[in-house]
Amino acid sequence: AQSVSQHNHHVILSEAASLELGCNYSYGGTVNLFWYVQYPGQHLQLLLKYFSGDPLVKGIKGFEAEFIKSKFSFNLRKPSVQWSDTAEYFCAVNANGGATNKLIFGTGTLLAVQP
Amino acid sequence: KAGVTQTPRYLIKTRGQQVTLSCSPISGHRSVSWYQQTPGQGLQFLFEYFSETQRNKGNFPGRFSGRQFSNSRSEMNVSTLELGDSALYLCASSLGAKADTQYFGPGTRLTVL
């Protein structure tokens, strides 16, 4: 069965530290990849997405992610986190050849940034 | 442009009752998907509708059903509620039919007592 793994469940960082959140998926075909963020008390928002082309994608608020097909990975990065980045981050995969909009989500990573 | 709206935002029901949740997608979006979010299981796909047709269904019992209307608004229904149905139910809309970016609503928080 298709699945998405986020290995870091809880991450605590100090402001200005660098961030990398791991995401791996299990699907051998064409995938579309997403990172969503859920700030406290707010709804899910799209951070960035990869459909095709340059495997390094840039999103909002200084986030970027790299698609490495050989590793089935789509890790999220940010060079310097801020207190306002405290949130839960979800990796999601559309893994049915792009035929529908169904997303499979990872279990999420809760990021706490200490001022 | 207004975002995805969901009503009601909060709902308290008792076991055995049924519930209907509503979702209005972003204007012009024709695809609506529903997800269940719980602390233990995370975000799980329920079903997807496009042009009033259910295109995908997740691994949920038949007590969970949904439909989409001609104006793209969608409803989901849960019958014979169980305690384990307590969750945040999220609706997401997309412009197109295939692998499009989904925009999420604020969710309906269902509590089953």
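Note on naming: letters A, B, ... go to the chains in the order of the sequence lines (proteins, then strands), and numbering restarts at 1 for each one. In this text, all values refer to a predicted model and were calculated from it rather than measured experimentally. Excluded from the calculations below are hydrogen atoms, water molecules and symmetry mates; all remaining heavy atoms, backbone and side chain alike, are included.
- Contact detail for T101(B) and Y36(A): the closest heavy-atom pair is CG2-OH, 4.4 Å.
- Residues Q38(A) and L88(B) share a closest heavy-atom pair of NE2-CD2, 4.5 Å.
- Under the 4.5 Å side-chain heavy-atom criterion for Ile, Leu, Val, Met, Phe, Trp and Tyr, F67(A) and I104(A) are members of the same hydrophobic cluster.
- The neighbour count for I12(A) CD1, taken as heavy atoms of other residues, nucleotides or ligands under 6.0 Å away, does not exceed 12.
- Residues W35(A) and F72(A) fall within the same hydrophobic cluster, defined by Ile, Leu, Val, Met, Phe, Trp and Tyr side chains chained together at heavy-atom separations under 4.5 Å.
- Annotation: R15(B), atom CZ; neighbour count of heavy atoms from other residues, nucleotides and ligands within 6.0 Å does not exceed 12.
- Note that OG of S33(B) is 5.5 Å distant from CG of N101(A), once rounded to the nearest 0.5 Å.
- Of the atoms belonging to L46(A), it is side-chain heavy atoms, and not backbone ones, that fall under 4.5 Å from chain B.
- Note on Y25(A) and L21(A): same hydrophobic cluster, where clusters join Ile, Leu, Val, Met, Phe, Trp and Tyr whose side-chain heavy atoms are under 4.5 Å apart, directly or indirectly.
- Hydrophobic clustering (side-chain heavy atoms under 4.5 Å, transitive across Ile, Leu, Val, Met, Phe, Trp, Tyr) groups V93(A) together with Y27(A).
- Heavy-atom neighbours of chain A within the stretch residues 35-47 of chain B, taken at a separation under 4.5 angstrom, comprise Y35(B), Q37(B), L43(B), F45(B).
- A single hydrophobic cluster is not seen to contain both W34(B) and F34(A); linkage of ILVMFWY side chains at heavy-atom distances under 4.5 Å, directly or through other members, places them apart.
- For N59(B), the CG atom counts as loosely surrounded, since its 6.0 Å shell holds 12 or fewer non-hydrogen atoms of other residues, nucleotides or ligands.
- Near-neighbour residues of residues 105-113 of chain B relative to chain A, defined by a heavy atom under 4.5 Å from a heavy atom of that chain, comprise G105(B), P106(B).
- Distance check: S94(B) OG to L103(A) CG gives 7.5 Å after rounding to the nearest 0.5 Å.
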